[in-house]
Number of protein chains: 2
Amino acid sequence: MVRENIIKDISRNMETGEVIDKLSRTFSIFGDPTRTRIVFALSKAELCVNELSQILDMSHSAISHQLRALKDLDLVRYRKDGRRSYYSLNDEHIENLFNEGLKHVLERM
Amino acid sequence: MVRENIIKDISRNMETGEVIDKLSRTFSIFGDPTRTRIVFALSKAELCVNELSQILDMSHSAISHQLRALKDLDLVRYRKDGRRSYYSLNDEHIENLFNEGLKHVLERM
DNA sequence: TTAACATGTGAACAGTTGTTCATACGTTAA
DNA sequence: TTAACGTATGAACAACTGTTCACATGTTAA
């Protein structure tokens with residue numbers, strides 16, 4: 001039956017568990033308002049923890065934890081300058097991803 | 001100081017809480033392997049709950065719950081055909097969003 | 001009508017996640 | 001060197017999330 005072939009075909013072509021896992025982890029990283037705001041801010045400028053904590057009005061610790069999560073998935077990079085760490089988005093893919101999501105949301109509000 | 005103006009500027013231009021919330025909820029919807037696989041499957045064909053549960057090898061209930069979450073955020077639509085409900089992606093934005101994420105992940109593996 | 005089927009849904013439980021707190025580390029200015 | 005600063009991190013707790021289970025609803029075939 002045609003229908004059964006469709007099912008087999010999709011099952012066969014499903015991305016591997018590894019890809020799916022990485023993808024869903026990447027998306028879930030954005031799935032938190034705090035991290036979303038961090039990404040928004042970093043899409044405007046390179047910023048240090050202290051500045052981010054002012055912009056988001058949150059503790060250094062909370063910001064730092066979230067930045068670590070973003071860094072673990074290669075979504076942001078950072079450079080040290082003295083006692084400060086300046087963070088920025090890692091590549092334009094991230095911005096594309098973010099903007100694609102923003103576009104979707106704004107169209108529906 | 002310039003630096004302070006940057007901070008003020010970013011704070012002022014930050015999207016409203018509503019937009020950020022909707023955006024992060026949208027992303028978090030994708031932030032689960034089960035839903036990611038559902039979206040992947042639906043990007044290939046319109047499918048009913050039963051077929052999805054075969055493809056993902058999961059219970060009807062689990063699939064149905066996840067589909068509801070996807071539907072609540074307008075990410076999928078469905079049509080009834082007798083006792084079956086056929087689901088499909090709601091618009092091409094979703095696919096763009098999904099593919100943009102996939103592109104990002106695949107480039108790094 | 002009855003039985004089998006396909007899906008939907010509420011409750012509950014386990015597992016995960018995000019924040020706070022306390023503290024540690026490295027850097028700079030005095 | 002010492003004190004203040006900026007950031008990082010582990011532990012712990014609260015809050016959230018996803019799955020399963022049990023059952024309900026609606027549909028089709030016999």
Side-chain angles (χ1 to χ4, degrees), chain A residues 1 3-4 6-7 17 20-39 41-42 46-73 75-88, chain B residues 1 3-4 6-7 17 20-39 41-42 46-73 75-88:
Chain A
M1 267 185 64
R3 215 58 204 164
E4 282 177 16
I6 290 175
I7 293 175
I20 293 284
D21 280 1
K22 187 89 188 280
L23 182 59
S24 60
R25 259 184 295 131
T26 300
F27 275 115
S28 75
I29 276 292
F30 282 107
D32 173 78
T34 300
R35 288 190 295 263
T36 304
R37 291 198 295 155
I38 288 175
V39 171
L42 291 181
E46 183 191 53
L47 296 162
C48 67
V49 177
N50 190 35
E51 291 167 334
L52 281 167
S53 84
Q54 284 181 254
I55 292 171
L56 304 199
D57 192 25
M58 296 179 66
S59 73
H60 295 166
S61 180
I63 300 290
S64 188
H65 276 292
Q66 302 291 17
L67 282 170
R68 189 190 179 186
L70 291 167
K71 197 160 67 64
D72 283 349
L73 273 168
L75 299 183
V76 302
R77 62 168 121 66
Y78 76 107
R79 66 178 176 85
K80 285 252 177 197
D81 181 16
R83 56 189 163 187
R84 291 163 202 266
S85 295
Y86 284 96
Y87 287 81
S88 55
Chain B
M1 268 186 65
R3 216 56 204 163
E4 282 178 15
I6 290 176
I7 293 176
I20 293 284
D21 280 1
K22 186 87 187 282
L23 182 57
S24 60
R25 258 183 296 133
T26 300
F27 275 116
S28 75
I29 277 293
F30 281 107
D32 172 79
T34 300
R35 288 191 294 264
T36 304
R37 292 197 296 156
I38 288 176
V39 171
L42 292 180
E46 182 191 54
L47 296 163
C48 67
V49 176
N50 189 37
E51 291 167 333
L52 281 168
S53 84
Q54 284 181 254
I55 292 171
L56 305 200
D57 191 27
M58 294 180 67
S59 73
H60 296 165
S61 180
I63 300 290
S64 188
H65 275 294
Q66 301 292 18
L67 283 170
R68 189 191 179 184
L70 291 167
K71 198 160 67 64
D72 283 350
L73 272 168
L75 298 185
V76 303
R77 61 167 123 61
Y78 75 106
R79 66 179 177 85
K80 284 254 178 196
D81 181 17
R83 55 189 164 187
R84 291 162 201 265
S85 294
Y86 284 98
Y87 287 81
S88 54

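So that the names make sense, note that chain A is the first sequence line, chain B the second, and so on, each numbered from 1. Note that the structure is predicted; figures quoted are calculated from it, not measured.
- Closest to the side chain of A:N50, from the set D:dG26, D:dC21, D:dT7, is D:dT7.
- Within the 4.0 angstrom heavy-atom criterion, only backbone atoms of the sugar-phosphate kind lie near A:Y87; the bases stay farther away.
- Taking only side-chain nitrogens and oxygens, A:R68 comes nearer than 4.0 Å to OP1 or OP2 of D:dG10.
- Checked against D:dA29, D:dT20, C:dT7, the side chain of B:R83 finds its nearest nucleotide in D:dA29.
- A residue-by-residue look at B:S61 and A:E51 shows that A:E51 has its nearest nucleotide of DNA chain D further toward the 5' end.
- Counting non-hydrogen atoms of other residues, nucleotides and ligands closer than 6.0 Å to OH of A:Y78 gives a total of 12 or fewer.
- Across all strands, B:S64 comes closer than 4.0 Å to base atoms (heavy-atom distances).
- For B:V49, the side-chain atoms get nearest to C:dG8 when compared with the rest of D:dA4, D:dT7, C:dG8.
- In this structure, B:T34 reaches the sugar-phosphate backbone alone: every heavy-atom distance under 4.0 Å involves primed, P, OP1 or OP2 atoms, never a base.
- Rounded to a whole Å, the CG atom of A:D81 is 12 Å from the C1' atom of D:dG6.
- Looking at heavy-atom distances under 4.0 Å, A:S59 makes contact with sugar-phosphate atoms alone, never a base.
- Both geometric conditions, a ring-centre gap below 5.5 Å and a plane tilt below 30°, are fulfilled for B:H65 over the base of C:dT9.
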